[in-house]
Amino acid sequence: MTVMFSEAPRSAEHVAGPTRSPSANEWVAQMTELLQPADVHWCTGTSDEFDLLTEKLVQEGSLVRLNSERRPNSFLARSDPRDVARSEERTFICSERPEDAGVTNNWRAPDEMKAELTELFRGSMRGRTMYVVPFSMGPIGSPLAKLGIQITDSPYAVISMQIMTRMGTEAVEQLGPDTEWVPALHSVGYPLIDDSGVRRDDVAWPCNDEKYIVHFPETREIWSYGSGYGGNSLLGKKCFALRIASVLARDEGWMAEHMLIIKVTSPEGRVHHLAAAFPSACGKTNFAMLQPTLPGWKVETIGDDIAWLRPDDDGRLRAINPERGFFGVAPGTGVDTNPTAVATIWGNTIFTNVALTVDGDIWWEGLTDTAPERLADWQGRPWMRGLPAPAAHPNGRFTVPADQCPQIADEWDDPQGVVIDAILFGGRRASNIPLVSEATDWEHGVFLGATLSSEQTAAAEGPVGKLRHDPFAMLPFCGYDMGDYWQHWLDVGEELGDNAPRIFQVNWFRKGADGSFLWPGFGENSRVLDWIVRRLEGSVSAVKSPAGSLPIRDEFALDGLELPAGAWNELFDVDPAAWLQESEQTTELFDRIGATVPKVLRHRLTRLRWDLVSRL
Ligand code: OXD
Ligand code: MN
């Protein structure tokens, strides 16, 4: 076995490995013994390393280098068709007690799971290189940042982690002898040499039919086996920055949330920072990169997926984006719908499961109005315009450094983060939920977050259009019991007191009786931002409703927008009968979560139901 050491710093007392952390060095040594790789590579995160790895993957047929005139330093990966998304049903929270994982998570006893997985991991890197990937979630040295080390046998995961996190030497330098760090073990589960020493050829996208995405919240560990895709293999993202971090946050008095962060500047030049939680597939990246149609307004991007929020010394809530890149859904990202994202991916981008054009560039449904006549589809098969199957996989992705975004805010990587003025919750709702409403107070805001729901968009999730409750957009990402998590939100609100951000609910997706969208969305959502900011500034009023405080038409920026007749009323209609029916589903959700649902939220629900009954 050859061990290649990085340029990571070595101190005089340093002996066992290339970090100053004995626990990190020991873990890597133990894992090397278990996984039995052919060699070990400590990642430095340099561009030379990126070039070497991408070139190796191109030579091996795992990446296609794109036309360097059209898309410099960019690559296309095609996954195994059985490994195309996060595997929620194979995601586990292994707390000591099942009730600490809660009913919304798959639970397994940690010892049992470790025993089972240890056997799968034993020898799983035979014939392969084991990469050691030190990384920081959050700007290097930020008081809000956290460190991790991922071990992986997927060079695709390494180059993706290089884009998505602060990875390599700069992260190792943060790791002192006593610094806390999260071990994140990953193998695609496709050893090249079997137990009897027989070798097999590699494949373009190695993976295993048996998949496990496992979290040990008490010991802050991640073990992921069998998948090379997205959140299953880029362990800094959903596994660390949400599932493990939500537990760290609960224990340390902060919040790890599935939220984008934007900076909004009003025509008067006043700046506000907003964080917004939307379930997956609700256009989060589009909103994070919004180009306002309303004159004078400016929106800049700070993050598109995850926010870490912590009360600062002045008692205000500060947020960082713990990531360094965007792992965006490609289909539906287009010149019309998100020109900023299209400009962001000009180069230095890894594309996964999208179509390839004849001149070596990429394409997907929605990138342009008309598909090129001929393409290679996401599996590399010939494709012609007019074929019924999409050319790109619906969960095809782009992985790109955040600082390539033309509207990235200067403070996007400020180690101190930004003060959050408002929090938004949004889902994809054809009915019931108004375009925008303001929570009457923090507790009501928590109720809105807890009851957040969205219609399913992909048949894989269940019947399309069916309502799925996704509290705080955290259903697949909360590392502990959902009721305890709601209580944590209430506790943080109490600590923040008058400094707490105001909370709003938004819904761009409401439909009229004829099934068409009532609101144009995209850049026109700046009109909603205008109302929210005016509320923060105290310059517009509102009317009370069971949904919270609603805008008054005359005070809402509708100039230059042709809303269909009756659309305003439909956008804000709160039908007591339909709401009462929906509240039954909320009761079911609360009952399912059980005894940990905070009493104040149950009381809210009862009060809401009385209010609705009185309006029938
Ligand atoms: C994502 C998700 O990929 O939420 O960001 O599923
Ligand atoms: Mn997400």
Side-chain angles (χ1 to χ4, degrees), residues 77 79 83-91 104-105 137 157 160-161 163-165 211 213 215 224 227-246 255-262 275-289 301-309 319 321-333 338 341 344-345 349-354 364 392-400 402 405 424-428 449 452-458 460-462 468-479:
S79 81
D83 193 22
V84 293
R86 287 186 293 101
S87 325
E88 286 182 19
E89 64 300 337
R90 300 300 302 161
T91 298
T104 58
N105 283 312
M137 298 313 292
S160 304
M161 285 290 285
I163 294 177
M164 294 303 296
T165 71
K211 294 181 175 48
I213 323 299
H215 309 75
S224 169
S227 167
Y229 206 86
N232 296 343
S233 73
L234 317 183
L235 302 187
K237 195 175 181 61
K238 306 296 190 182
C239 297
F240 185 166
L242 289 175
R243 299 194 191 98
I244 293 293
S246 60
M255 307 199 288
E257 299 299 331
H258 191 201
M259 289 180 176
L260 61 88
I261 309 171
I262 51 175
F278 293 82
S280 307
C282 287
K284 224 157 129 202
T285 304
N286 291 348
F287 188 56
M289 298 180 183
T301 313
I302 293 179
D304 80 326
D305 196 36
I306 299 176
W308 283 1
L309 309 108
N321 168 12
E323 302 191 278
R324 197 184 76 96
F326 305 126
F327 180 63
V329 177
T333 304
N338 191 341
T344 304
I345 56 175
T349 306
I350 299 167
F351 298 92
T352 309
N353 288 352
V354 303
W364 50 72
H393 187 277
N395 193 33
R397 298 283 179 147
F398 54 81
T399 311
V400 65
C405 172
L424 277 52
F425 294 117
R428 179 184 288 273
L452 187 63
S453 55
S454 200
E455 277 130 23
Q456 291 169 165
T457 52
E461 297 162 0
R468 160 169 144 136
H469 275 289
D470 189 351
F472 291 82
M474 284 287 278
L475 187 68
F477 307 123
C478 186

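Note that ligands are numbered from 1 as they come in the structure, with each ligand's atoms numbered from 1 the same way.
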Problem set entry | S227 and D83: side chain donor to acceptor below 3.5 Å | yes
Exercise. Any chance the side chains of D470 and S454 put a donor and an acceptor closer than 3.5 Å?
Worked result: no
Exercise. Protein residues near ligand 1, heavy-atom distance below 4.0 Å?
Worked result: R86, K238, H258, S280, D305, R397, F477
Exercise. Hey, mind stepping through T301 and F326 against side-chain contact (heavy atoms from CB on, under 4.5 Å) and telling me if it holds?
Worked result: CA-CA 11 Å; T301 313; F326 305 126; 4.1 Å; yes
Exercise. Taking only residues two or more places apart in sequence, or in another chain, which ones meet D305 in a salt bridge (Lys or Arg N to Asp or Glu O under 4.0 Å)?
Worked result: K237, K238, K284
Seminar exercise, completed: Any protein N, O or S atom under 2.8 Å from the Mn ion (ligand 2)? Found K238 NZ, H258 NE2, D305 OD1
Problem set entry | Between F287 and F278, ring centroids under 6.0 Å | yes
For this session: Please work out whether the ring planes of F351 and W364 are parallel, tilted or perpendicular, with thresholds of 30° and 60°.
Result: tilted
For this session: Classify the angle between the aromatic ring planes of W308 and F240 as parallel (below 30°), tilted (30 to 60°) or perpendicular (above 60°).
Result: tilted
Exercise. Thinking salt bridges, do K211 and E88 make one under a 4.0 Å N-O criterion?
Worked result: no
Exercise. Listed by chain and number, what are the side-chain contact (heavy atoms from CB on, under 4.5 Å) partners of V84, not counting sequence neighbours?
Worked result: S79, N353, W378, H393
